[in-house]
2 protein chains.
Amino acid sequence: MSVNGNVEFPTRTRPTMREVAALSGTSLKTVSRVMNNEAGVTPALVAKVKQAALTLNYQPNFTASSLRRNDGKTNTIGVLLEDIANPFSAALHRAIEEVARARGVAVFAGSVDEDESREQELAAAFISRRVDGLIIVPAGHDQSYLKIEKQSGTPMVFVDRPPALLDADSVLTANFEGAKAGVEHLINHGHRRIAYLGDLETITTAVDRFSGYKDALDRAGIAFDESIVQMNLRASVDAEHVTSKILASPNPPTAIFASQNLISVGVMQALHRFGLQYSVALVGFDDVPMVELIEPGLTALVQNISGLGKAAAEMLFARIDGTNAATEHRVLDVVLRERGSGEIPGPHEK
Amino acid sequence: MSVNGNVEFPTRTRPTMREVAALSGTSLKTVSRVMNNEAGVTPALVAKVKQAALTLNYQPNFTASSLRRNDGKTNTIGVLLEDIANPFSAALHRAIEEVARARGVAVFAGSVDEDESREQELAAAFISRRVDGLIIVPAGHDQSYLKIEKQSGTPMVFVDRPPALLDADSVLTANFEGAKAGVEHLINHGHRRIAYLGDLETITTAVDRFSGYKDALDRAGIAFDESIVQMNLRASVDAEHVTSKILASPNPPTAIFASQNLISVGVMQALHRFGLQYSVALVGFDDVPMVELIEPGLTALVQNISGLGKAAAEMLFARIDGTNAATEHRVLDVVLRERGSGEIPGPHEK
DNA sequence: GACATGCCTGACAACGTTGTCAGGCATCGA
DNA sequence: TCGATGCCTGACAACGTTGTCAGGCATGTC
């Protein structure tokens with residue numbers, strides 16, 4: 001359906017400070033002073049200039065201003081996310097926006113989609129627009145292409161995944177420790193046969209979580225069993241399929257660790273289909289949206305996503321403000337939220 | 001936890017075309033020509049310039065370029081969303097990004113949070129950075145403040161909600177027709193006592209959906225009953241509370257229409273708590289994430305969110321490219337997805 | 001050989017703004 | 001009354017780039 005409205009007015013050209021100066025009978029420079037609230041302009045002149053600006057509906061051109069100003073700041077930052085639309089990226093983005101807003105900084109954002117070349121293109125696009133800094137969730141395995149850019153004075157902070165082949169600030173989640181704590185939680189509830197379903201092995205967070213799983217097994221003296229481990233899962237349907245296969249095998253696990261929320265969803269679907277949701281324990285990394293509606297609730301390792309974004313933005317702005325300290329690597333803790341699925345007892349419960 | 005890395009190198013100042021010209025022994029203008037792939041430069045010179053640019057790691061300054069160029073385009077657009085982090089906004093944002101990316105356009109985004117003044121601030125921030133156009137999900141009830149900006153030549157397209165007191169392009173969802181179809185679906189399944197839980201009455205989409213509900217009742221000859229209608233709900237807990245109250249009342253409804261996904265969640269929680277999820281029918285506007293896991297599945301009116309974003313971006317770029325046609329108002333259809341909750345029969349089933 | 005033609009190249013101005021600096025004017029003290 | 005002081009104001013250059021235009025050189029034509 002399509003309805004037509006009125007034809008628009010012909011467009012006038014946008015007024016500049018020069019025109020405001022002409023209308024108010026003063027000079028360009030005085031207009032500049034008034035617009036920047038600089039002290040030392042006669043009140044009468046200030047009023048005249050403001051009136052003229054209002055009459056012409058003058059809108060300052062911030063890009064021209066930052067080109068000329070000594071600090072050269074554009075009051076703009078760029079954020080490279082995995083995918084703007086996924087809940088993790090969106091929450092991160094929001095937390096960054098919050099900090100930026102308080103400083104009058106506008107935020108460019110883009111999706112990298114786990115694509116190395118897309119990462120470089122986006123970074124280049126933001127750099128050519130002279131952002132004051134970059135916050136990056138990297139996809140590729142080599143960020144050395146940013147080395148010269150960093151030396152040229154563009155601060156950058158990496159979030160969720162560390163930079164590779166580049167020395168730069170980062171804010172990460174305790175993936176290893178979190179996964180380990182999750183698996184230990186299952187062990188403490190009497191499980192010794194624990195399946196692991198993981199994400200792409202090219203993603204460092206996935207690798208760290210897997211290491212946490214193995215470490216927990218090691219410390220409990222449980223042998224690693226390949227037959228109940230599956231990496232490189234992406235969609236929840238894949239996880240559902242793998243879970244079904246594992247549950248139907250001769251020696252099925254009594255508990256499952258899901259390394260990521262989409263995987264948790266797939267596992268939950270398979271468990272529900274088999275009617276095993278109250279007999280096979282499940283701990284997942286990352287919360288699942290609307291999880292409150294499902295029974296039993298998902299016991300999950302919850303990341304502090306807004307904490308990641310807030311910390312990254314604050315570190316970035318500190319650099320933008322000129323801090324020249326050594327590279328900083330911050331790690332945020334993960335919280336185990338018990339909701340039922342992870343507390344189902346196993347055969348070895350004490 | 002915090003680990004220190006190496007101290008960074010002292011920052012060099014970023015090279016300009018002037019320096020590239022000096023190093024390659026040519027003129028500023030020739031460098032400009034090479035960088036813009038203009039024809040008519042000797043291949044030997046092109047090579048020398050490119051080599052020099054590489055050596056200095058020259059990065060073009062797009063903002064300076066757009067200041068000088070005749071078209072004045074910044075190849076940048078601004079998007080005003082309700083809240084970057086909510087799934088609707090994020091999906092919209094993503095669809096817009098997709099279209100922009102194909103054109104080499106960078107996207108500013110910001111959250112308005114249903115706050116009128118925040119809307120104006122964000123718009124001003126983007127305008128002062130001279131975006132080529134704006135895509136807006138408005139919060140306020142008067143967009144006339146954008147009138148002069150529109151006349152100054154900044155194209156703008158409104159999404160999800162129409163502009164008020166301003167003539168501008170828009171892309172909306174068929175809220176009235178969708179809600180009406182959803183209520184009629186319940187009526188067709190034998191329901192005549194249908195509760196309505198709605199969003200803020202200040203939001204036009206909420207008002208339109210409510211009108212659709214009333215129209216469907218009217219046409220079926222069902223009297224409107226205030227006691228099972230509640231507007232101005234925002235959080236899912238509010239919806240849960242109201243649902244519980246209505247279900248416990250002397251003459252409870254046999255079906256419920258939820259005007260929005262958070263409200264659907266609240267209703268579902270209440271139904272599950274009362275054990276009524278298989279006896280009271282429910283149709284909701286908007287999908288609920290991870291809805292596949294819940295039984296019975298939510299029958300929902302699904303919006304074409306990416307269609308909204310894609311259409312808005314395409315309309316915007318058409319304007320940016322100079323199309324001067326009459327204002328266009330596009331409306332996208334809603335699809336009723338049957339998943340069980342809406343097909344529970346009522347007492348008047350034929 | 002003289003001249004016209006066309007292709008490359010670079011000098012200069014300009015985009016809209018702010019930094020620098022000098023000049024004008026009023027005020028103050030002697 | 002005169003000079004010194006300080007406050008306002010505006011002329012000019014500059015940020016990094018592209019548009020305009022003129023000049024230089026080689027080639028082609030008669």
Side-chain angles (χ1 to χ4, degrees), chain A residues 12-49 52-53 56-76 127-132 152-154, chain B residues 12-49 52-53 56-76 127-132 152-154:
Chain A
R12 297 185 311 100
T13 158
R14 197 185 292 277
T16 68
M17 281 193 180
R18 188 169 268 103
E19 292 167 54
V20 176
L23 181 62
S24 58
T26 176
S27 80
L28 177 59
K29 180 64 206 190
T30 296
V31 175
S32 166
R33 277 192 262 260
V34 173
M35 289 302 154
N36 291 294
N37 291 313
E38 283 177 35
V41 182
T42 309
L45 251 189
V46 172
K48 260 204 284 189
V49 169
L56 295 174
N57 206 263
Y58 168 76
Q59 299 285 136
N61 184 331
F62 196 75
T63 63
S65 158
S66 63
L67 180 61
R68 184 59 181 90
R69 279 198 323 275
N70 281 339
D71 67 3
K73 295 272 185 293
T74 56
N75 278 16
T76 296
I127 287 166
S128 76
R129 285 171 180 82
R130 291 294 183 273
V131 292
D132 296 334
S152 300
T154 303
Chain B
R12 297 186 311 100
T13 157
R14 197 186 292 276
T16 68
M17 281 192 180
R18 187 168 269 103
E19 291 166 56
V20 176
L23 181 61
S24 58
T26 176
S27 78
L28 176 59
K29 179 64 205 187
T30 296
V31 175
S32 166
R33 277 191 262 259
V34 172
M35 289 302 154
N36 291 295
N37 291 313
E38 283 177 35
V41 182
T42 310
L45 252 189
V46 172
K48 259 203 284 187
V49 169
L56 295 175
N57 205 263
Y58 169 76
Q59 299 286 134
N61 184 332
F62 196 75
T63 62
S65 158
S66 63
L67 180 61
R68 184 61 181 89
R69 278 196 324 273
N70 281 339
D71 66 3
K73 295 272 185 293
T74 55
N75 278 15
T76 295
I127 287 165
S128 75
R129 285 170 180 82
R130 291 296 183 271
V131 292
D132 296 334
S152 301
T154 303

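Excluded from the calculations below are hydrogen atoms, water molecules and symmetry mates; all remaining heavy atoms, backbone and side chain alike, are included. In what follows, chains carry the letters A, B, and so on, assigned in the order in which the sequence lines appear, proteins first and then strands, with residues in each chain numbered from 1.
Distance Asp71(B) CG to dT18(D) C1': 11 Å, rounded to the nearest Å. Atom-to-atom, CG of Asn61(B) to P of dC15(C) comes out at 18 Å; the value is rounded to the nearest Å.
The side chain of Arg68(B) sits closest to dT17(D) out of dA11(C), dC15(D), dT17(D). Candidate nucleotides dT18(D), dG16(D), dT18(C) were compared by shortest atom distance to the side chain of Lys29(B), and dT18(D) ranks first.
The side-chain heavy atoms of Asp132(B) and Asn75(B), taken from C-beta on, include a pair separated by under 4.5 Å.
At a cut-off of 3.5 angstrom, counting only N and O atoms as typed in the model, there is no donor on one side facing an acceptor on the other between the side-chain of Arg130(A) and the base of dG16(D). Judged by distance alone, with hydrogens and angles left aside, Arg33(B) brings a side-chain donor or acceptor within reach of the base of dG10(C), the pair sitting under 3.5 Å.
Between the side chains of Thr76(A) and Arg129(B), at least one donor N or O sits under 3.5 Å from an acceptor N or O. In this model, a donor atom of one side chain and an acceptor atom of the other lie less than 3.5 Å apart for Arg14(B) and Thr154(A).
Of the side-chain N and O atoms in Thr30(B), none sit less than 4.0 angstrom from OP1 or OP2 of dT9(C).
Nucleic acid contact class of Leu45(A) (heavy atoms, under 4.0 Å, all strands): sugar-phosphate only. Within the 4.0 angstrom heavy-atom criterion, no nucleotide atom of any strand lies near Ser66(B).
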